[in-house]
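A short write-up of the structure that comes next.
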There are 4 protein chains.
Amino acid sequence: MTPELLTDQPTPERPARQRLPAIVRVTQILDAALRVFSDKGFAAARIDDVAAAAGLSKGGVYTHFTSKEEIFGALLTRLMLPLHANRPPLHPDTAVTVDVLVRQVVAPMYDSLGDPATALTLRLMLADGARAQQLVGQWREMVVEPYLADIQQLLQRGAAQGHLRRGVLLREPRLVLSPGVHTMLELLVQGTLDATAMERQRKAHIAMLRELLEP
Amino acid sequence: MTPELLTDQPTPERPARQRLPAIVRVTQILDAALRVFSDKGFAAARIDDVAAAAGLSKGGVYTHFTSKEEIFGALLTRLMLPLHANRPPLHPDTAVTVDVLVRQVVAPMYDSLGDPATALTLRLMLADGARAQQLVGQWREMVVEPYLADIQQLLQRGAAQGHLRRGVLLREPRLVLSPGVHTMLELLVQGTLDATAMERQRKAHIAMLRELLEP
Amino acid sequence: MTPELLTDQPTPERPARQRLPAIVRVTQILDAALRVFSDKGFAAARIDDVAAAAGLSKGGVYTHFTSKEEIFGALLTRLMLPLHANRPPLHPDTAVTVDVLVRQVVAPMYDSLGDPATALTLRLMLADGARAQQLVGQWREMVVEPYLADIQQLLQRGAAQGHLRRGVLLREPRLVLSPGVHTMLELLVQGTLDATAMERQRKAHIAMLRELLEP
Amino acid sequence: MTPELLTDQPTPERPARQRLPAIVRVTQILDAALRVFSDKGFAAARIDDVAAAAGLSKGGVYTHFTSKEEIFGALLTRLMLPLHANRPPLHPDTAVTVDVLVRQVVAPMYDSLGDPATALTLRLMLADGARAQQLVGQWREMVVEPYLADIQQLLQRGAAQGHLRRGVLLREPRLVLSPGVHTMLELLVQGTLDATAMERQRKAHIAMLRELLEP
DNA sequence: AATGAATGAGTTTTCATTCAT
DNA sequence: GATGAATGAAAACTCATTCAT
């Protein structure tokens, strides 16, 4: 805090136009867009809002995107990508017990519920889904289906090992996720869900899997 | 300009579309509004869209409502009315088996998935959640909670009768609904779900309940 | 001018929103657009200008046209139509002398040069022609070509009657118009052409036709 | 940060497009501007368009010009320069026949129609006439008038020599050019004119001159 | 009651120009 | 000299709402 340095620094009236590499700006704009779109929905969100939230001018946004629609598309694309990579690394021949299933599938699911981006993504898909029908289709195909296939494989291995009972879940791996999806929807409809409730639902979910899968 | 000629001449110049009683029009407009709002969300919906969907002109809508907000409000009110009556007819002291549970709970749920109004309402709650906070609150209070209480009572009766096994579902009746909610979300995200897929999910749901509840 | 009538008439602050039938408004808007576009060119013309010139609000213009481009298209279409109908009604077997040719072809041409709309149309076609390439093509086909065919027929009839000499013009009726087109271009480039110059060029045009056509 | 390393390392990170001497760049930019302005008109032309057409970036254009207007001005200036020199080489006292006239006047005219710059310049004068008033004035004064005077002199010499007939063209040398001007306008309106049509019109032009001038 | 032209207050989009790198 | 991100002032366009008919 050397006073001398500050003394003859004329405070620039304009905050010294930030000039960042495009990739950084695009990221900032998408971050801002996520916040704004999720808050007000796509239609009600103004480009000014996004620009302000991203810390640049309206025109600046248009340096990187050609339209509001394009921002929406880029945002959804970015939101869906990570889900892709998130799948647990395959495991050789460890015993597949319910505990393992919980660790590999259930826990990450409830963890992601804590991440606001998850709710936001889902809300965007639901609220403005029509606008993104194609993207949603791709997402199903590239992310959801392989994920379910993975779970099914896990279950079958567990059953083959005699660690899991053969029941509906073996045929319908979707059901493994249902209680979590249910929670997610509640979270979405209500806006929040207190930690206690969340924890209780997680426990119930696990208990249910035990009843269905333990031999 | 013979007066006689004018007297019984129906003026055919103006098409003079339907002039219907107000109650009919209001109903038509709200039906249209539900469709349009659910489809595009409140903000993106144009009064013209609602008017067109209701089969009258923009100005015609304003004959019955003073603003877009008012239409939204009236729509919420109307959506809430049936909520009070909707609960399944109470049951005396019949044996509560899984079959009964399916008939009382699961079947109606999948039936309602077929009704567009269900999806539309849910989508409205998700897309314009903030605006529809009132709807969301009332819906929880008037529909979800009593419904769950009902189910819990059923389950406990069945358990007391020895027809149902005591498991997680007894403590967490939510789980009885989870697979159906999961299906509903898929329906919402994808826009449609073919009859085959729906039937399969219904069967899996029932099978799961059997595994969890049959003694 | 009965004072009583005026006394308790509160002068309405707002000038009593004009409400005219669409056809009238469309006409007014196109009139205004002709003036504005010709004055500043399509690109530099603002919708506000057109609206102001037409005596309504910007939004009012959009009640009748969906875009600036559409106004341009409608304007050019309207400007080109009359040229179509303008062709002299065919005449049975009158003698076709140079005088007749002048009366039927040359005179109307120079008359139309006096009409500002002619210059404006041409200017629009030239300045913003790329935008209207298709329209220009249609115009050639529907208006220009038949017009030239007409002239050629006239010339050949005159020649057959022995009233006109057989020369280039018989093969190339375009040339009948060339001096007039030349004048038109000068008019366009310079913005105006004084009456004296115009008259002189008209006379020269006729004299040339005489030299080429009189036997 | 070894200085040695930096010394002879060509920095390949930035493509560092051509860094050319200013005069070259200015020429390229004006070439580009002529194309772009003629194509879309001054108002509709974007600096980006000009820059792209000149093969550099928007900012690069501003290194050489301070505004769009300045580019326009410089372009006009450059377009005017050749006007001074363009006049056909003077002719001593050769016999002036129609053939000579064709060689001296008609041929160069149709040749220049092939040169895009001609059409471009004319279109510029027409489209942005108000803005190019200066160009228009100078062009008349420096090109058109002397050119017509030249032609008139030629014609009179030919007539005096008995090689040319005394007719309207002697009084109105403009008419010598009219068919060519007509062709130019068609070229302008249509964007292109195939070689066959052009050749045919040239021949008709010459034939007409013969009919008017040969004794 | 109904229509549809008209308004005006936004909102999106464009682009000449600036400037940090 | 050159680039391209950023700005800001304008322009195009949208749409809830009003109102003459």
Side-chain angles (χ1 to χ4, degrees), chain A residues 14 16-22 24-26 43-51 55-69, chain B residues 14-22 24-25 43-51 55-69 71, chain C residues 14 16-22 24-26 43-49 51 55-69, chain D residues 14-22 25 43-51 55-69 71:
Chain A
R14 240 186 320 170
R17 193 201 296 228
Q18 276 290 358
R19 201 202 133 129
L20 302 174
V24 176
R25 273 304 195 206
V26 164
R46 284 172 303 136
I47 292 288
D48 293 84
D49 297 333
V50 175
L56 40 47
S57 69
K58 187 173 18 181
V61 171
Y62 280 93
T63 302
H64 302 285
F65 294 94
T66 56
S67 70
K68 199 178 161 187
E69 284 282 350
Chain B
R14 228 196 322 164
R17 247 179 264 181
Q18 292 293 48
R19 180 171 162 161
L20 300 174
V24 176
R25 277 302 197 204
R46 282 169 297 147
I47 292 289
D48 287 273
D49 296 331
V50 174
L56 40 47
S57 71
K58 186 163 32 176
V61 170
Y62 278 91
T63 304
H64 302 285
F65 295 93
T66 56
S67 74
K68 198 179 165 185
E69 284 285 350
I71 298 174
Chain C
R14 240 189 317 170
R17 191 202 297 227
Q18 278 289 358
R19 200 204 135 127
L20 301 174
V24 176
R25 273 302 195 207
V26 165
R46 285 170 302 136
I47 292 289
D48 292 85
D49 297 333
L56 41 47
S57 69
K58 186 174 17 180
V61 171
Y62 281 94
T63 302
H64 301 285
F65 295 93
T66 56
S67 71
K68 200 177 161 188
E69 285 282 350
Chain D
R14 225 190 331 159
R17 247 178 264 182
Q18 294 291 49
R19 179 171 162 159
L20 300 173
R25 276 303 196 203
R46 281 169 298 145
I47 293 289
D48 287 275
D49 296 331
V50 174
L56 41 49
S57 71
K58 186 163 30 176
V61 171
Y62 278 91
T63 303
H64 302 285
F65 296 93
T66 57
S67 73
K68 198 179 165 187
E69 284 285 352
I71 298 175

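On a predicted model such as this, the values are computed, not experimentally measured, just so you know. Naming convention: chains lettered A, B, ... in sequence-line order (proteins, then strands); numbering from 1 in each chain.
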Partners passing salt bridge (charged side-chain N to carboxylate O under 4.0 Å, His left out) against B:Lys68 (at least two apart in sequence or in another chain): none
- line: Stems with DNA chain F, 3 or more Watson-Crick or G-U pairs in a row (under 3.5 Å), are E:2-21 with F:2-21
- request: Output yes when at least one side-chain N/O atom of C:Arg19 is less than 4.0 Å from OP1 or OP2 of E:dA6, else no.
  value: no
message: Within this structure, what is the CG-OG1 distance for the pair A:Leu56 and A:Thr63, rounded to the nearest 0.5 Å?
response: 8.0 Å
field: Atom-pair distance (CD1 on D:Ile47; C1' on F:dT7), nearest Å
entry: 16 Å
field: Nucleotide nearest C:Arg46 (side chain, heavy atoms from C-beta), chosen from F:dT17, F:dA6, F:dA12
entry: F:dA12
- prompt: How would you label the contact of C:Ala44 with the nucleic acid (heavy atoms, under 4.0 Å): base, sugar-phosphate, or nothing?
  reply: nothing
- prompt: At under 4.0 Å, does any side-chain N or O of C:Arg25 touch on OP1 or OP2 of E:dA5?
  reply: no
- request: For A:Glu69 and for C:Ala22, find the nucleotide of DNA chain E with the closest heavy atom, then tell me which residue's nucleotide is more 5'.
  value: C:Ala22
message: Can you confirm whether B:Val61 sits close enough to B:Ile71 that some side-chain heavy atom of one is under 4.5 Å from a side-chain heavy atom of the other?
response: yes
statement: Separation of F:dG8 atom C1' from A:Leu56 atom CG, nearest Å, is 13 Å
message: When you measure from the side-chain N and O atoms of A:Lys68 to the phosphate of E:dT12, is any distance below 4.0 Å, counting only OP1 and OP2?
response: yes
field: Spacing of A:Asp49 atom CG relative to E:dT13 atom P, expressed in whole Å
entry: 14 Å
statement: Side-chain contact check for D:Lys58: nearest option of E:dT17, F:dT7, E:dA5 is E:dT17
- line: Rounded to the nearest 0.5 angstrom, the CD1-OG distance for A:Ile47 and A:Ser67 is 8.0 Å
task: For B:Ala43, report the nucleic acid contact type (base, sugar-phosphate, nothing); a contact means any heavy atom under 4.0 Å.
output: nothing
- prompt: Where along residues 59-66 of chain C does a heavy atom come under 4.0 Å from DNA chain E, residue by residue in number order?
  reply: C:Gly59, C:Gly60, C:Thr63, C:His64
field: Spatial distance of atom CG (A:Asp48) from atom NZ (A:Lys58) [nearest 0.5 Å]
entry: 4.0 Å
message: From C-beta outward on A:Asp48, which listed nucleotide comes closest to its side chain: E:dT12, F:dA2, E:dG4?
response: E:dT12
